[in-house]
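Working notes for the structure below.
Every chain is numbered from 1, with letters handed out A, B, ... down the list of sequences.
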Amino acid sequence: MSQAERFQPSLTPEVIASHGLTQDEYQRIVKLLGREPNYTELGVFSVMWSEHCSYKSSRRWLKSLPTDGPAVLQGPGENAGIVDIGDGLAAVFKIESHNHPSFIEPYQGAATGVGGILRDVFTMGARPIASLNSLRFGAFDDPRTRYLLCGVVAGIGGYGNCVGVPTVGGELFFDECYNSNILVNAFTLGIAKKKRIFKGRAKGVGNPLIYVGAKTGRDGIHGATMASEAFSEATEKRRPTVQVGDPFTEKLLLEACLELMEKDCLVGIQDMGAAGLTSSSAEMAARAGTGVELELSLVPLREQGMTPYEILLSESQERMLLVARKGSEDEVKRVFGRWDLDAVVVGQVSRGRLFRALFHGEEVVRIPVEALTSGAPVYNRPVERPEGHDEVQRLDLSKVREPEDLGAVLRTLLDSPNIASKEWVYRQYDHFVRSNTVVAPGADAAVIRIKGTEKGLALTADGNSRYCYLDPYVGGVLAVAEAARNLASVGARPLGLTDCLNFGSPEKPEVMWQFSQVIQGMRDGCVGLGVPVVSGNVSFYNETDGRPIHPTPVVAMVGLLLRVARCVTPWFKSPGDLVVLLGRTREELGGSEYLKVVHGLVRGTPPWIDLKLERAVQQCCLRAIERGIVRSAHDVSQGGLAVALAECSIGGTERAMGARIETQEMMRADALLFGESQSRIVVSIKERDLGRLKEIAAREGAPLRVIGVVGGTRLIIQPLIQVPVEELKSIWSSSLERRLK
Amino acid sequence: MRWGVIVFPGSCDEQDVYDCLKHVLKQDVEFLWHRDNLKNGFDCLVLPGGFSYGDYLRAGAMARFSPVMRGVVEFAARGGLVLGICNGFQILCEAGLLPGVLTRNSSLQFVCRQVYLRLEETDTPFTSAGKKGQLLKLPVKHGEGCYYADPDTLERLRHNRQILFRYVDGRGKNAPGANPNGSIDDIAGVCNEGRNVFGLMPHPEDAAEKILGSEDGLKIFSSIAAACEKREREVRVG
Amino acid sequence: MRVKIFVSLKEGVLDPQGKAVERSLHSLGYGEVGEVRMGKYMELSLNLSSREEAEARVREMCARLLANPVIEDYRFEIQE
Amino acid sequence: MRVKIFVSLKEGVLDPQGKAVERSLHSLGYGEVGEVRMGKYMELSLNLSSREEAEARVREMCARLLANPVIEDYRFEIQE
Ligand SMILES: Nc1ncnc2c1ncn2[C@@H]1O[C@H](COP(=O)(O)OP(=O)(O)O)[C@@H](O)[C@H]1O
Ligand SMILES: [Mg+2]
């Protein structure tokens with residue numbers, strides 16, 4: 001019996017099923033190969049055809065998203081998307097989920113999520129300069145919530161801080177639908193020279209494949225490893241382990257890769273993420289139309305006795321696969337040696353479009369590259385609007401009692417963890433490193449300057465899953481609209497977005513309905529506001545005991561400021577400034593935080609949106625900021641107008657400052673104060689600039705109304721609310737910390 | 001004058017220091033690699049922030065054995081100026097160039113925020129451009145910044161006036177919430193007895209431009225530059 | 001009673017800290033050092049008199065709080 | 001040879017981590033727990049044959065790198 005055969009147990013139906021492959025999929029493999037696969041090949045197919053790698057359930061829908069735009073240099077399909085920011089520079093960014101690992105081990109799960117997204121970005125030749133994180137946890141009364149939140153936040157900080165990439169913003173939302181399925185989505189943005197962008201392509205037959213970074217262990221290998229009898233003895237030892245992140249090695253890897261990219265050695269490069277060595281090599285070959293040949297015995301191992309199967313499927317962190325120009329091996333080794341890292345030739349680019357793996361010279365895998373990539377099945381899964389959805393959307397406002405003490409409601413909302421200050425979180429993230437941070441976390445969007453230019457980039461992540469649950473189509477539109485509005489509020493014009501689509505099981509027609517609706521909504525939002533999708537990620541199967549999470553698309557959008565010095569923060573600046581509301585308030589309460597917190601209701605339809613109006617309001621805000629007449633700007637989102645005004649008063653990193661507001665609208669007071677009508681931005685201006693602002697608003701078609709004046713120590717909303725700002729500030733600032741004590 | 005910024009594996013803020021010196025203060029500055037022996041011709045060496053060797057074991061514990069550190073110790077012994085920021089401060093303590101040690105923040109959490117520092121002593125090359133009692137607004141960002149020294153050492157530090165900065169509130173007063181890490185005696189920065197080696201937890205390089213929210217960090221770098229120029233003049237005249 | 005608890009990473013779990021210490025020891029000239037693994041060490045006093053009870057309680061504390069069963073193993077010693 | 005090293009904080013040095021664990025244990029209902037002190041635990045293999053030599057070398061490693069004498073004490077056990 002040869003060395004290789006010992007590792008190739010036979011394929012029973014159980015073994016196939018335990019690899020997550022259906023009988024149909026197995027037959028498809030047999031057809032593509034023209035024979036039965038061996039055990040290792042089955043493993044390779046199972047990871048490459050997994051939902052995570054192949055997008056088999058989502059691909060059909062994702063195609064409808066607009067991916068083109070004047071600034072787009074690279075749309076979806078590569079490790080990250082790229083947009084042009086002028087001056088010969090490009091912004092490279094992507095978001096990715098690490099939901100399940102973070103639930104199992106919050107610190108390490110979140111940490112390795114950050115590690116993975118960083119590699120996705122620097123693999124393209126970009127130096128990461130800012131990260132965001134979008135988090136969803138269960139309700140605070142779930143005993144695990146605190147533990148998970150503390151672990152995840154510490155893990156994100158622990159990794160990102162150590163690598164020296166500032167985490168400048170994000171999202172944090174609590175809802176019982178996430179009790180057993182938390183969401184941890186990590187985003188990173190890097191800057192590259194336009195002329196030095198690297199792609200994952202295995203070009204040039206004969207070029208060496210070079211493995212760099214950490215050694216390979218049994219981390220994260222699909223549980224299926226144990227399904228075969230051959231492995232049943234030492235099962236305990238071989239148990240797939242949680243991946244532990246090593247940010248120090250990542251930092252060295254990052255510096256070494258960027259140093260190498262300055263030289264003329266690299267042909268292609270890709271990080272080893274999900275499905276490790278297998279997907280990095282197969283995908284690079286697929287993109288280049290070549291083949292690859294790997295000698296697995298050359299792969300640096302951390303553990304003894306690893307089989308070809310394990311080596312190919314390991315998801316050990318902090319590893320990259322390079323395709324180098326033949327003859328430059330020594331140069332590559334020298335650069336990595338300088339950073340105390342190994343670089344080992346483990347194979348080469350070959351002719352014939354075959355994915356081949358050898359183990360001590362014996363062939364263990366021989367699969368046509370296309371069979372693994374474009375050959376993966378694509379499903380057109382059934383779609384069905386859930387029964388009872390009409391009932392969920394029904395909201396009889398006449399049955400919702402209007403509270404008497406509206407000041408108390410404002411206090412309650414500012415105390416809600418979904419609205420309260422997130423400082424407890426971002427205090428644990430280094431948001432200053434690289435000395436670019438112009439607007440730190442706490443504002444509508446973070447702003448970083450681009451050294452050597454006058455420009456800046458703004459970043460935000462948004463997605464209200466309550467809206468998506470009530471109406472996934474509208475929720476999809478709103479996710480895009482809110483992100484763009486947050487950018488407009490600091491003065492940035494959107495360049496592109498990346499999205500992370502977190503859903504339940506695609507095998508459920510109701511979930512696929514939500515998915516398809518959200519995508520269509522996002523598409524319309526993108527088209528309406530002129531923002532292309534340049535990269536993204538889909539995370540299905542976020543459900544426990546058959547209960548899926550609310551559909552949760554997260555949109556991370558990047559915008560450009562031509563003059564970063566002009567950027568604006570949400571906080572009132574000086575007494576006497578006028579408070580102006582751009583946009584219009586409608587009587588809408590469906591899906592609001594108010595309805596949930598005060599009345600315990602998650603019902604109705606989310607706020608209405610007209611993309612033309614949205615665009616007009618955003619354009620007006622942008623133009624006014626660019627003219628330099630806006631002193632502060634803050635969009636109205638969760639908690640409505642009253643909460644937005646309170647946030648402007650509280651002052652964030654600046655001095656607290658009250659305001660006196662007059663209301664006129666004829667509608668329920670709670671809807672006026674706490675309804676979440678879209679397309680609204682609160683700005684403050686000097687009185688003398690009102691005429692200019694009105695002109696801009698008229699030209700853009702944006703409704704505008706002066707609603708009050710900055711000043712005093714209280715927030716007064718005549719005749720409904722009157723509270724000292726210091727009191728609001730103390731409630732808002734201490735909420736999270738108090739709950740975590 | 002010439003500045004050297006030492007790069008350890010895991011340093012993160014070396015570029016921030018470099019950019020601040022080079023582009024804001026128009027200084028002559030060069031990166032120095034941890035594995036090389038220290039070259040001659042520098043007036044001030046900066047050990048930047050970051051996570052040298054991942055901060056594994058203890059922050060600064062492994063970096064202090066880097067080849068370049070032998071030269072740093074000799075340089076300091078000859079009276080050369082050495083500034084350690086954050087991780088650099090931790091390394092200087094581990095290397096014995098500064099007294100005491102930096103331990104885990106009392107909150108057990110990494111902390112990133114703006115703090116106020118009160119300048120306590122001006123008779124050092126690092127603080128001479130400032131006024132006693134002056135406030136600086138700088139960011140901190142560290143997980144192990146809680147300064148500790150045993151009672152005798154602490155007494156000596158006070159007696160020799162080696163405590164150069166303390167954490168205070170916005171009005172310059174010692175206050176419970178002002179100290180971000182639980183440091184003993186609210187200590188944010190100390191120098192050695194010779195007053196030529198200085199360690200500081202907050203980051204002056206990240207507060208060196210208006211657009212970043214504060215220019216107060218320049219005080220420290222311009223003090224050093226002024227001190228070096230004065231020295232050069234004295235050497236030329238003498 | 002005094003209890004000493006040792007928490008260490010499970011076999012197969014990456015120990016970046018141990019690896020870094022190992023490398024550092026080698027470069028300091030301690031070539032005789034093989035693999036280094038890092039863990040936690042805790043000492044606590046227990047106000048109990050029965051050894052069996054103490055064992056049961058400490059085991060529970062380890063499983064619930066002191067060790068993370070997903071990646072760590074623990075072991076303890078009780079001294080009267 | 002296998003070496004186990006225990007590094008703990010000197011008496012009198014504050015141990016916020018130990019305190020936090022203590023508080024958590026109390027709030028989980030382990031009222032019998034007195035003071036908790038946290039330390040580090042390291043295991044390493046040594047490629048040496050003389051016990052004396054091993055002891056001397058390990059002592060040196062601890063003094064130079066593995067413990068910080070300002071705040072930490074160490075102790076070790078060698079098993080052949
Ligand atoms: N997980 C997080 N990490 C970092 N910053 C966060 C996180 N969650 C929220 N923030 C920050 O807190 C501020 C408020 O967030 P949010 O209420 O989501 O803003 P908005 O309503 O404008 O989208 C933002 O500046 C955001 O970046
Ligand atoms: Mg906003």
Rounded distance [0.5 Å steps], CG in A:D430 versus CG in B:D206: 7.5 Å
Which residue out of B:A208, B:G54, B:P180, B:G143 racks up the most heavy-atom pairs below 4.5 Å with chain A? B:G54
At a 4.5 Å cut-off on heavy atoms, which part of B:E209 comes close to chain A: side chain, backbone, both, or neither? side chain
Candidate list A:H431, A:R427, A:Q428, test side chain to side chain contact (heavy atoms under 4.5 Å, CB included), partner B:C112, passing option: A:H431
After noting the C-alpha distance and the side-chain angles of A:F248 and B:Y53, does the key distance pass the side chain to side chain contact (heavy atoms under 4.5 Å, CB included) rule? CA-CA 6 Å; A:F248 174 55; B:Y53 295 92; 3.9 Å; yes
Which of B:D16, B:D13, B:V17 passes side chain to side chain contact (heavy atoms under 4.5 Å, CB included) with A:S435? Answer is B:D16
Kindly indicate, with the supporting measurements, whether the criterion side chain to side chain contact (heavy atoms under 4.5 Å, CB included) is fulfilled by A:F432 and B:Q114. CA-CA 10 Å; A:F432 294 116; B:Q114 298 281 357; 3.6 Å; yes
Only pairs of heavy atoms separated by less than 4.5 Å count here; which of B:R35, B:R113, B:E14, B:E205 has the most with chain A? B:R35
Tell me the residues of residues 449-458 of chain A whose non-hydrogen atoms fall below 4.5 Å from those of chain B, in number order. A:R449, A:K451
So what's closer than 4.5 Å to chain A heavy atoms on B:S11: side chain, backbone, both or neither? backbone
Among A:V438, A:V447, A:T437, A:N436, which residue satisfies the side chain to side chain contact (heavy atoms under 4.5 Å, CB included) criterion with B:I211? A:V438
Any side-chain heavy-atom pair of B:C12 and A:K251 under 4.5 Å: yes
Non-hydrogen atoms of chain B under 4.5 Å away: do they reach the side chain of A:V163, the backbone, both or neither? backbone
With distance as the sole criterion, is a donor-acceptor pair present between the side chains of B:Y56 and A:D246 under 3.5 Å? yes
Heavy-atom contact with chain A under 4.5 Å, split by part of B:D19: side chain
